[in-house]
Each structure stands twice: as structure tokens, then as C-alpha cells.
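The structure under discussion appears below in the form of C-alpha cells.
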Number of protein chains: 2
Amino acid sequence: MSDSLPPLRVDGRLERVRIATAEAGAEAIVVTNLTNIRWCTGFTGSFGALVVSADEAVLLTDSRYATQAPAQIEEGGADVAVHVDSAVVANGAAVLQAIPRVALEADDISWADQQRWAEAVQGELVATHSLITELRSVKDDAELVRMQRAAEIVDQTLADVAGLLVVGTTERQLAAALDDGMRARGASGPAYETIVAGGPNAALPHARPGDRAFVEGDLVVIDAGSVVDAYRSDMTRTFMVGAPDDTAIKIHEIVTRAQAAGVAAVRPGIEVGQIDAVCRDLITEEGYGPEFGHGTGHGVGLDIHELPAVRGGNTAILQPGQVITVEPGIYLPGVGGVRVEDMVVVTDDGCRPLTRSPKISLK
Amino acid sequence: MSDSLPPLRVDGRLERVRIATAEAGAEAIVVTNLTNIRWCTGFTGSFGALVVSADEAVLLTDSRYATQAPAQIEEGGADVAVHVDSAVVANGAAVLQAIPRVALEADDISWADQQRWAEAVQGELVATHSLITELRSVKDDAELVRMQRAAEIVDQTLADVAGLLVVGTTERQLAAALDDGMRARGASGPAYETIVAGGPNAALPHARPGDRAFVEGDLVVIDAGSVVDAYRSDMTRTFMVGAPDDTAIKIHEIVTRAQAAGVAAVRPGIEVGQIDAVCRDLITEEGYGPEFGHGTGHGVGLDIHELPAVRGGNTAILQPGQVITVEPGIYLPGVGGVRVEDMVVVTDDGCRPLTRSPKISLK
């Protein structure tokens with residue numbers, strides 16, 4: 001299926017990494033987060049470190065990747081040398097000789113590994129946070145094509161399995177049908193553990209599918225996404241099995257309205273926290289503020305949870321090309337819950353939803 | 001399915017952690033590896049830290065686990081208090097007041113988190129390595145029951161799908177049949193990404209299943225395991241599609257013999273590296289030493305790769321209750337490969353295989 005995808009090019013990304021590294025007060029960076037290494041170089045292996053200085057970039061990995069690493073780097077177009085040898089720290093330190101300050105990804109390197117680099121390099125180590133993940137939050141066209149397809153697959157699969165939303169189906173059966181269906185439609189797999197939560201389980205934002213069968217009157221939260229060429233999608237819809245009661249109708253309507261208001265608020269230049277505020281204010285005005293106990297959304301990309309965090313107080317400015325979810329919810333412990341979520345890409349003047357499954361009304 | 005499993009009890013484990021912590025030169029430890037926290041307390045959440053001092057043990061986690069954490073700890077029987085609050089480091093530091101040396105799991109804490117603990121605690125931080133994973137390597141009876149069942153499931157599932165070992169089946173189809181079959185037989189899932197590697201792909205020890213269909217004369221490496229109540233199994237067999245050629249017959253026979261010799265060598269009191277030597281010496285004598293490019297095996301348990309590492313030079317002493325794999329292989333680039341693997345538990349005077357699928361002969 002990937003034959004029909006436009007090629008991913010990574011050239012240009014290292015220049016942005018160099019600028020951000022300089023802004024962080026260092027002359028070089030050791031990239032240890034494997035997803036960041038992938039984004040910088042195209043290399044998908046499970047072991048390695050990437051050293052980027054002003055005039056050099058070297059991927060250090062072991063002999064398992066002697067063929068794969070140069071091939072993937074050539075395909076991506078980055079100017080990166082490959083050094084195949086399991087002594088990553090020693091070889092990396094050789095590249096970093098005489099560099100006064102070396103940035104490490106403090107959240108993505110163990111203390112033990114930090115100690116190894118500290119012993120091996122002459123320069124001072126500088127702890128950086130989110131340096132590359134901030135750059136990753138803005139997607140290019142080739143990335144967006146993959147995320148669009150991952151979104152279409154979950155849209156289509158959800159329609160395929162709608163017939164299972166009946167009394168007697170178990171959460172696990174419906175989740176398995178979604179996972180199998182997404183694979184059959186060309187996804188490499190689910191983007192995270194698919195959530196199907198019926199009845200009282202719908203009150204748990206992170207419920208795991210179990211053997212409970214749907215009964216008449218259940219709200220059913222379905223939170224699913226797929227992976228296409230490593231890029232992810234994320235969507236939630238809440239359905240009814242049988243006839244809804246007044247509470248179900250009410251909270252479903254409020255959440256759907258809050259979610260639409262949140263999506264309508266997405267545009268470049270605003271603080272990310274404003275999107276959370278739009279959703280939360282509406283739900284709070286309706287009296288369900290305490291029952292909306294999580295943030296409104298998150299960035300998506302190579303990881304299912306990326307920057308920016310769409311939560312109250314986040315003063316980061318939304319940028320075109322960022323992909324975020326908008327997913328308010330109301331959870332009534334012991335009773336049920338509703339969450340509605342779309343994944344949208346920020347455009348020059350607003351946003352474009354990538355997930356497009358219809359939103360039902362329970363009325 | 002877990003109703004029929006004997007209960008897992010974790011009481012007694014914290015005492016062993018306290019002794020090991022003292023041996024490492026600290027009066028308390030902050031456990032940040034979530035699998036280690038699970039082993040110590042029974043808690044299965046995705047966020048938390050466990051502080052263990054001589055007279056106190058406190059699990060720090062957030063409000064998502066306010067109900068789950070105390071329930072799981074009561075079920076496991078450990079004497080652990082639960083502190084529900086997202087300010088884990090601040091609350092953990094309060095427990096650690098006046099403790100002179102605090103151990104951190106250096107391989108399982110980020111540099112960023114180590115810096116947070118360093119700022120919050122008064123004592124000196126001591127980097128420890130493998131302190132709890134060494135304890136975890138010895139399994140108790142309730143753990144072994146789970147691993148035995150996980151092994152039986154892969155044995156049975158492999159027999160179920162044997163009919164797919166024919167010309168035209170793709171690697172991916174066979175891998176999916178194994179994954180589905182293991183779930184149908186009661187596993188919560190595969191223990192790792194199932195490997196089905198046919199023909200030239202069998203020469204890659206870590207091949208991922210692709211769309212290549214088996215052709216006459218393929219060696220097919222199947223490396224699969226299942227999960228039962230979080231405990232894993234791991235097994236490999238190599239089959240033929242159609243008639244084997246002389247090389248296939250020869251390397252299959254050598255690997256099978258080396259693997260049997262390795263299993264026969266397993267007994268308590270020997271150095272773990274000796275098992276590697278037994279397999280490697282036999283393969284080397286047959287002239288295929290360079291084509292056996294990985295270690296002979298590894299411990300298995302809650303993680304698929306645990307201590308001890310069954311590789312040359314490991315002078316750790318094998319102990320009763322440890323579960324290890326013995327999995328030599330021969331890989332001929334571009335041609336094919338053979339690997340045969342069993343998971344065995346070390347007994348008082350030898351070992352007992354947990355995986356029991358028959359070993360075929362190609363002759």
C-alpha cells in the first residue's frame with residue numbers, strides 16, 4: 001500500500017535541529033529518542049544515537065543495521081554519515097571532540113546513559129526538553145497524506161463494523177473487529193489499544209475492552225486509530241445501544257456541541273490552551289465541568305501523543321501544519337460517559353478535519 | 001481465563017528489595033521501572049513511583065489509579081501505602097527525608113527525572129543497575145503456572161496452524177493465524193511481534209512478517225510466544241515447505257543438536273555463559289560459528305527479555321526457578337536460516353522445558 005504514498009523526505013530537518021540546538025545554548029546534540037532519529041534521518045531501527053554538530057551528522061548504530069541504515073538515509077535525503085559499531089558512546093564522543101556544550105534529550109535518555117556520555121565527552125552536557133518534538137509537531141505534506149489515509153481507514157472501518165453495535169456484542173469482539181478491519185483496509189495496525197467501552201465502562205476515559213456484552217440502554221465509547229507508514233490517526237465516537245435515556249441524550253448533545261465549538265476555534269496564532277477553554281467553558285456552563293476530567297486533546301503524528309498538549313494554560317501558539325485532537329468528554333461514574341474526538345490539521349486560516357465519521361444525534 | 005490461575009502473591013518481595021538496596025549502599029530506593037513496581041506491589045498502572053525505605057513502602061501515583069492501586073496492592077499482599085497525587089517527586093521526597101543515600105534505577109529513569117529527584121531529596125543519589133530485575137529472574141510457583149500456560153498456548157496454536165505451512169501462504173497470513181489462535185486459546189496476546197520468516201528472510205534473526213509467499217524449498221522460521229496474565233512465553237521452530245536441499249538438512253540438524261545440547265547443559269550452579277559455550281562450540285566445530293551471530297538466549301518473565309542474558313562470558317550463576325531460552329541459530333545471508341528455541345525453567349538438578357512442540361527432522 002505504501003507504493004502509492006508520496007515519498008517522505010527528511011532533508012532540511014537537520015538544519016532546523018541545528019538552529020534549535022544553538023538556541024538551547026549548545027553546539028551539538030545527541031539525539032537518543034528513536035522516533036526523533038527517524039524523523040531526522042529516516043532510519044527506523046531500534047538501536048542507535050544521532051550526533052548532530054554544526055558541520056557533521058553521524059548516525060551510530062550496530063551491525064544489524066549495516067545495510068538498512070544507509071539505505072533509509074539515502075531514501076530520506078538527509079546528509080548523515082553512518083557509523084556501524086556497537087560502541088555508540090565512544091564513537092559519538094569522538095565526533096564531539098572539542099565541542100564545548102553538548103545537548104542531550106533529557107527526557108529520552110536514561111540517567112545511566114547520561115553518565116556514560118558525561119564520562120566520554122569533554123564538553124559540558126546541556127539538558128534539553130522537547131527540542132525536536134516541537135519541530136515534529138508541524139507536519140509536511142507527505143506526512144499529512146499518511147495521516148489522512150490513517151484517518152480514512154478508521155472512518156471506513158467504523159462504518160464497516162457498525163452492525164456490531166447491538167445487544168450481546170462484547171467490547172472485546174467489537175475492538176477485535178475494528179483492529180482486524182483497519183488491517184484489512186491497509187493499516188499496519190491500530191495506532192494504540194483500541195477502546196470500546198460500554199455502559200458503566202464508558203465512564204472510564206482509558207477503559208480497556210473487556211468481556212462485558214452490550215445491554216439495552218448502553219452508551220458505547222469507541223476510540224480508535226490506525227497506523228499508515230508509521231503515522232497515526234485518532235478518533236472517538238459515542239453510540240447508543242437501544243433507546244437512550246434523558247441523561248444520555250443530554251450529555252451526548254453537550255459533548256457534541258462542545259467538540260464542534262472546539263474544532264471551530266482551531267486556527268493558527270491562538271494559544272493552544274484557548275481550545276481547551278472553549279470546550280471546557282461550554283461543558284462547565286452546562287454543569288458538567290467536574291465530569292470533564294482530562295485535557296481537551298493532543299498532537300498526533302509518529303507518536304499517538306505528541307506536542308502540543310491541548311490543555312488549559314498551554315500558552316504555545318498554534319501553527320499551520322500542526323495536527324491535534326479535540327476530544328472533550330463527560331463521564332458519570334457507574335453510569336456511563338460520552339467522548340467525541342476528531343483529529344484536525346491546522347491550516348492557514350482555520351483547520352481541516354482529517355477524521356470525518358458522521359456524528360450521530362441521539363435525539 | 002484467569003479465574004483458574006492460582007493467585008499471585010507479592011508479599012516477601014519487598015524484603016528482598018530492601019536487602020539488595022542495602023547491599024548497593026543505600027538506605028532507600030525509588031523504583032521507577034513500572035514492571036518492577038508491578039512485581040513488587042501487584043500494581044499494574046502506567047504511572048507511578050515506589051519508594052521503599054527500611055520501614056516504609058509508598059506507591060505514588062495519580063488519581064486515575066485511586067481505586068485500582070489499593071485494590072491491587074491488597075490482592076498481592078504487600079505492605080505498601082498508596083499516595084494518590086500527581087506531584088510524585090515532591091511526595092516521594094517527603095518520605096525520603098533524612099535518608100542519607102537513595103538508590104535510583106539508573107537504567108529506568110530519565111536524566112530529566114533524575115534531576116528532579118536530585119533537587120527534591122536531601123540525600124545522595126546512588127545509581128543502581130539490575131537490582132530488582134535480578135530478583136525477578138527467579139520465578140515462584142504462581143509465576144511458573146502462568147508461563148507454563150503461555151507456553152502450552154503457543155505449542156497448541158503452532159499445531160493448529162501447521163496446515164498453513166504450504167506453498168502460497170504469506171508470512172503475514174501465518175503470523176496473523178498464530179496471533180489470532182493464541183488469543184482464541186486464552187492468551188491476552190502475542191508476547192512480542194510474531195516472527196514468520198521464509199526463504200531468504202529466514203536468514204534475518206529479527207525478520208518482520210511480510211507479504212512474501214512461501215515457495216517450494218523454503219526454510220520457515222517461526223518464533224512466537226503468548227502472554228497469560230502478563231507472563232510471557234517464547235519458542236522457535238524451523239520448518240520446511242516442500243523438499244529440503246542438503247544445506248537445509250545439514251544446518252537444521254546442527255542447530256537442533258546444538259539446541260538439545262544447550263538444554264541438556266542447563267542446571268543450577270553453572271555459569272550462564274557455559275550454556276552459550278555448549279551451543280556455540282558445537283556449531284563452530286561444524287564450521288558455522290560465524291553464521292551464529294547472536295547470543296544463545298535470555299531470561300523470560302513479565303518482560304520478553306529479562307535476566308540472565310545467556311551469552312558468552314556471562315559469569316552469573318544459574319539458579320533454580322530462573323526461566324531462560326536456549327535458541328541457537330545458523331543464518332546464511334540470501335539463502336535461509338534455522339533457529340530452534342525452547343523456554344526452560346531451571347530445577348534443582350537440571351531443567352524442565354516449558355515449550356514442548358515436537359522438533360521435526362528434515363532427513
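We name chains A, B, ... by the order of the sequence lines, and we start the count at 1 in each one.
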Where [X] and [Y] come nearest, the two heavy atoms and their spacing:
X: B:Ala127; Y: B:Ala106; value: CB-CB, 3.7 Å
X: B:Gly25; Y: B:Val126; value: O-CG2, 4.3 Å
X: A:Leu34; Y: A:Gly45; value: CD2-O, 3.8 Å
X: B:Ile195; Y: B:Pro205; value: CD1-O, 3.7 Å
X: A:Ala202; Y: A:Val221; value: CB-CG2, 3.8 Å

Please tabulate, one pair per line, the N or O donor-acceptor pairs under 3.5 Å between chain A and chain B.
residue: A:Ala106; atom: O; partner: B:Trp111; partner atom: N; Å: 3.3
residue: A:Ala106; atom: O; partner: B:Ala112; partner atom: N; Å: 2.9
residue: A:Ile109; atom: O; partner: B:Trp111; partner atom: N; Å: 2.8
residue: A:Trp111; atom: N; partner: B:Ala106; partner atom: O; Å: 3.3
residue: A:Trp111; atom: N; partner: B:Ile109; partner atom: O; Å: 2.8
residue: A:Ala112; atom: N; partner: B:Ala106; partner atom: O; Å: 2.9

Proximity breakdown for A:Leu125 and chain B, heavy-atom pairs closer than 4.5 Å: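 Looking at A:Leu125, backbone and side chain both touch chain B.
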With a 4.5 Å heavy-atom cut-off, do A:Val228 and A:Leu5 have their side chains touching?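 A side-chain contact under 4.5 Å exists here.
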